[in-house]
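A short write-up of the structure that comes next.
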Amino acid sequence: MENVELLLHGFEIALSLNHLWLMLVGVMLGILVGVLPGLGAPNGVSLLLPLTFAMQPVSAIILLSSMYWGALFGGSVTSILFNIPGEPSSVATTFDGYPMARDGRPTTALVTAFSSAAFGALVGVVLITLLASWIAKLALDFGPAEYFAVYFLAFASFIGVGGARPAKTLVSLCIGFAIAAMGMDTISGNVRLTLGVDEFVRGISFVVAVMGLFGIGELLVAAEEDLHAKSLSSRIEWGEAWRTLVRMPRHAVALVRSAAIGCWMGITPGGPTAASFMSYGVAMRVSPNRANFGKGEAEGVVAPEAADHAAGTSALLPMLALGIPGSATAAVMMGGLMIWGLNPGPMLFIEQKDFVWGLIASMYLGNIVAVALVLVTVPLFAALMRVPFFIISPLIIVVCAVGAYTVSNSYFDVVLMMGFGVLGYLFKKLDYPISPLVLAIVIGDRAEDAFRQSMLLSKGSVAIFFSTPLVCTITGLAIALLALPLAGALRRRLSPAPRAVA
Amino acid sequence: MITRRALEILAAALTGAFGAAILVSSIGIGVVWTTRGVGSGAFPAIAGALIVAGSLYNLARAFAVAGPVLLDAPRLRKIGALFLPAAAFVAAIPLAGLHVASGVYLFAVVAAHRRMAWWRAAAIGIATAIALYLIFDWGFQVALPRGWLGAALGL
């Protein structure tokens, strides 16, 4: 029960007035970016990043992670009240949340969503509490080959089970790697791949890419869709809220199943968006009320919300223990960790105990703060949605421009961000996934280092990735995941003639 | 009128060109085994090659699938109405500085919609510029660019 002791110590750190205040600020800002179209958790966290450089790392991560929780909740508010998902991961919540609210039950829909979300997040945090230090201990014995195999597994799971077309995921992922490689080569110290542009000597920051791809790209999609925010009543009826809460245990099976799907998708970097869709799909398939899905079925809200938050929370587990972020936002936070001078991965659990356990404890508290705040502030943020889009959209562009500029005080980055915006729009229109690109920018250098160190150890033989049972299993699993889409395509091709098999 | 096929081809061409550029310059740095291990171009060369391969596959698929219209004239107009002023705003930053450019940009976009009195649009623009100054320059001590105008005024 060493973990419980460490967790209690973490609470001592997280429960200071200063940190509670940061949680409050973080959650409020998070709900704000979650509610606004175009701004999401990855942007919000990137925007705050330059402002945290002067803070203690533990305070900084509490601020950023609280913002993440707030954004996850904020995205659900707009999905339910306006049928506009504030975050890609809350798209599935619109399917049943909005019909429920439209048919006169906005409080029921909101409270169902928030309590499922809180349950999902709780399962995610408990999982982190129990497993993180154990995985980190395991990973202490990892050499470069094991690390590269784990990175490879993460990328393979994007391609194999990410949901988008494998070729598109591959292109997105490798563009991220190429961008990460631009600028200084961390091993030889030489400048490489500047493509003739002087500014690329210092490389391309992931913050600039996030601002453009997620911010400007999403805004362009929103402008095209012509969002009309017609709000339903946003008043919370507390009696109904309480009754909804009491009814929640009825959905116990759905809650547990959705949280499990979420945790799985969060740890293997499938991300919250894929998790919420998958969970919704599974809930619909197994529910006796299948016909009622899409018309305001409670489990149609429970399933995506619990999975979304479970995935969002557990995405921090591989980030902390292995240095592999499980979602785009976790990738941005990990970029922050590296800027603050911390080394994400197993050593964190030995060298930075206060940081790790302060963060884990703050995840419990932050989610409680988020549920309470989001319930109270629903009317406030609903009012914000009535501000016309032609005022919100230029404001968001200004915010993204400032965010891109402040990373390294460079005007070139602002121009580059606009370029990423066009790319992000194109990718969104054509269903290229964006998260793999951001992830690859953040961990590209580490993956490359692991690869080159392994090659040095083995004198250039790839056999090193199959040399021990552990590394062989991980590599094998990754290859199996890569083969999954191929197997699927093969099965589709064979299925028109099933009789021949029988 | 832009069809899905046209857009897919454009995307595949863009990613493919980037991949090819990375591949060519990686090979230039050296991908072969040296005394210090794998050449510094090897890893990006693999990434570049995979981008090219994936883009070629996506290109081939773009020709194979039917192409419904993805962007018609009204949609293009809406995107243009958002993107062109935004691009003008970014272009104006080196001249007018971030504060002034933001203020003018907000004012111009809001006023152009004609759904708000001009003085309210102006108030929104001025408030934006002041808020930027208060939050970043004053609050977080991050100096936003003043541009050519700022230099001329000696700020």
Side-chain angles (χ1 to χ4, degrees), chain A residues 50-51 165-178 181-182 185 187-188 190 192-195 216 219-220 223-224 226 388 390-391 393-395 397-398 401-402 405-406 409 411 414-415 417-418 421-423 425-427 429-430 432 440 444 447-448 451-453 455-456 459-460, chain B residues 4 7-8 10-12 14-15 18-19 21-22 25-26 29 33 36-38 40-44 46-51 53-55 57-58 61 70-71 75 78-79 81-83 85-87 89-90 93-94 98 102 105-106 109-110 112-113 115-116 124 128 132 136 140 142-145:
Chain A
L51 310 179
R165 286 200 166 279
K168 289 186 170 175
T169 313
L170 179 73
V171 166
S172 174
L173 194 61
C174 289
I175 290 178
F177 280 130
M182 290 163 86
D185 169 12
I187 290 186
S188 70
N190 296 332
R192 59 177 178 177
L193 303 174
T194 56
L195 306 178
I216 308 289
L219 208 58
L220 287 170
E224 189 192 320
D226 218 0
F390 65 84
I391 299 179
S393 60
L395 269 178
I397 288 179
V398 168
V402 172
Y405 178 82
T406 48
N409 292 338
Y411 172 68
V414 183
V415 179
M417 178 212 58
M418 291 298 278
V422 176
L423 187 72
Y425 171 77
L426 205 59
F427 272 21
K429 278 305 264 192
L430 300 174
Y432 281 81
E448 183 182 355
F451 175 73
R452 286 163 76 176
Q453 283 161 3
M455 289 292 109
L456 269 179
K459 305 214 162 41
Chain B
R4 181 169 187 107
L7 222 51
E8 291 273 12
L10 174 69
L14 274 177
T15 55
F18 177 72
I22 292 288
S25 45
S26 305
I29 316 168
W33 188 260
R36 285 189 297 168
V38 183
S40 124
F43 195 79
I46 296 171
L50 288 174
I51 298 173
S55 304
Y57 177 82
N58 289 335
R61 272 201 67 86
L70 214 55
L71 285 173
R75 276 173 181 259
K78 275 181 216 155
I79 298 171
L82 180 74
F83 188 76
F89 154 66
V90 170
I93 294 174
L98 194 48
S102 303
Y105 170 51
L106 254 292
V109 170
V110 174
H113 266 265
R115 272 190 263 166
M116 213 171 251
I124 291 173
T128 308
L132 282 179
F136 289 95
F140 288 106
V142 182
L144 298 178

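Every chain is numbered from 1 and lettered A, B, ... according to where its sequence line falls, protein lines coming before strand lines.
Looking at S26(B), both its backbone and its side chain come within 4.5 Å of chain A, counting heavy atoms on both sides. In this structure, the portions of A167(A) lying under 4.5 Å from any heavy atom of chain B include both its backbone and its side chain. For a residue to count as touching a neighbouring chain, one of its non-hydrogen atoms must lie under 4.5 Å from one of that chain's; by this rule A112(B) does not touch chain A. Of the two parts of V142(B), only the side chain, counted from C-beta on, holds a non-hydrogen atom closer than 4.5 Å to a non-hydrogen atom of chain A. Looking at L144(B), the atoms closer than 4.5 Å to chain A (heavy atoms on both sides) sit in the backbone and in the side chain alike. For I124(B), the part lying near chain A is the side chain, with the backbone staying farther off; criterion is any non-hydrogen pair under 4.5 Å. Both the backbone and the side chain of L220(A) come within less than 4.5 Å of a heavy atom in chain B. At a 4.5 Å heavy-atom cutoff, L173(A) makes no contact with chain B through either its backbone or its side chain. For L430(A), the parts lying under 4.5 angstrom from a heavy atom of chain B are both the backbone and the side chain.
The aromatic rings of H113(B) and F390(A) sit parallel to each other, their planes meeting at less than 30°, with 60° as the upper class boundary.
Residues I51(B) and V171(A) approach most closely at O-CG2, 4.0 Å, considering heavy atoms. Shortest non-hydrogen contact noted between F43(B) and G444(A) is CE2-O, 4.3 Å. Across every non-hydrogen atom of L106(B) and I391(A), the tightest pair is CD1-O, 4.2 Å. Residues A143(B) and N409(A) share a closest heavy-atom pair of O-OD1, 4.5 Å. Contact record, A12(B) with Y432(A): N-OH, 4.3 Å, taken as the closest heavy-atom pair. Shortest non-hydrogen contact noted between C174(A) and A47(B) is CB-O, 3.6 Å.
Salt bridge absent: K429(A) and E8(B) never bring a charged side-chain N and a carboxylate O closer than 4.0 Å.
In terms of non-hydrogen atom pairs under 4.5 Å with chain A, the most contact-rich of L82(B), L50(B), L10(B), V38(B) is L82(B). The residue among T128(B), I22(B), V90(B) with the most heavy atom pairs within less than 4.5 Å of chain A is V90(B). Heavy-atom pairs under 4.5 Å with chain A were tallied for A21(B), G41(B), P94(B); the largest tally goes to P94(B). The most heavy-atom pairs under 4.5 Å with chain A, out of S40(B), P44(B), G54(B), S102(B), come from S40(B).
In terms of modelled atom types and a separation under 3.5 Å, the side chain of Y425(A) and the main chain of I79(B) share no donor-acceptor contact. Looking only at distances, no side-chain donor or acceptor of R192(A) sits under 3.5 Å from a matching main-chain atom of I29(B).
Counting heavy atoms from C-beta on, the side chains of N58(B) and R165(A) never come closer than 4.5 Å. Taking 4.5 Å as the limit, some side-chain heavy atom of Y405(A) sits within range of a side-chain heavy atom of P145(B). In this structure the side chain of F427(A) reaches within 4.5 angstrom of the side chain of T15(B), judged on heavy atoms. The shortest side-chain heavy-atom distance between L170(A) and Y57(B) does not fall under the 4.5 Å cut-off. The shortest side-chain heavy-atom distance between F177(A) and I46(B) does not fall under the 4.5 Å cut-off.
Of the inter-residue distances, the one linking L219(A) atom CG with F83(B) atom CZ reads 11.5 Å to the nearest 0.5 angstrom. Here the OG1-CZ distance, from T406(A) to F136(B), works out to 6.0 Å after rounding to the nearest 0.5 Å.
Listed by chain and number, the residues in a salt bridge (Lys or Arg N to Asp or Glu O under 4.0 Å) with R75(B) are E224(A), E225(A) (sequence neighbours excluded).
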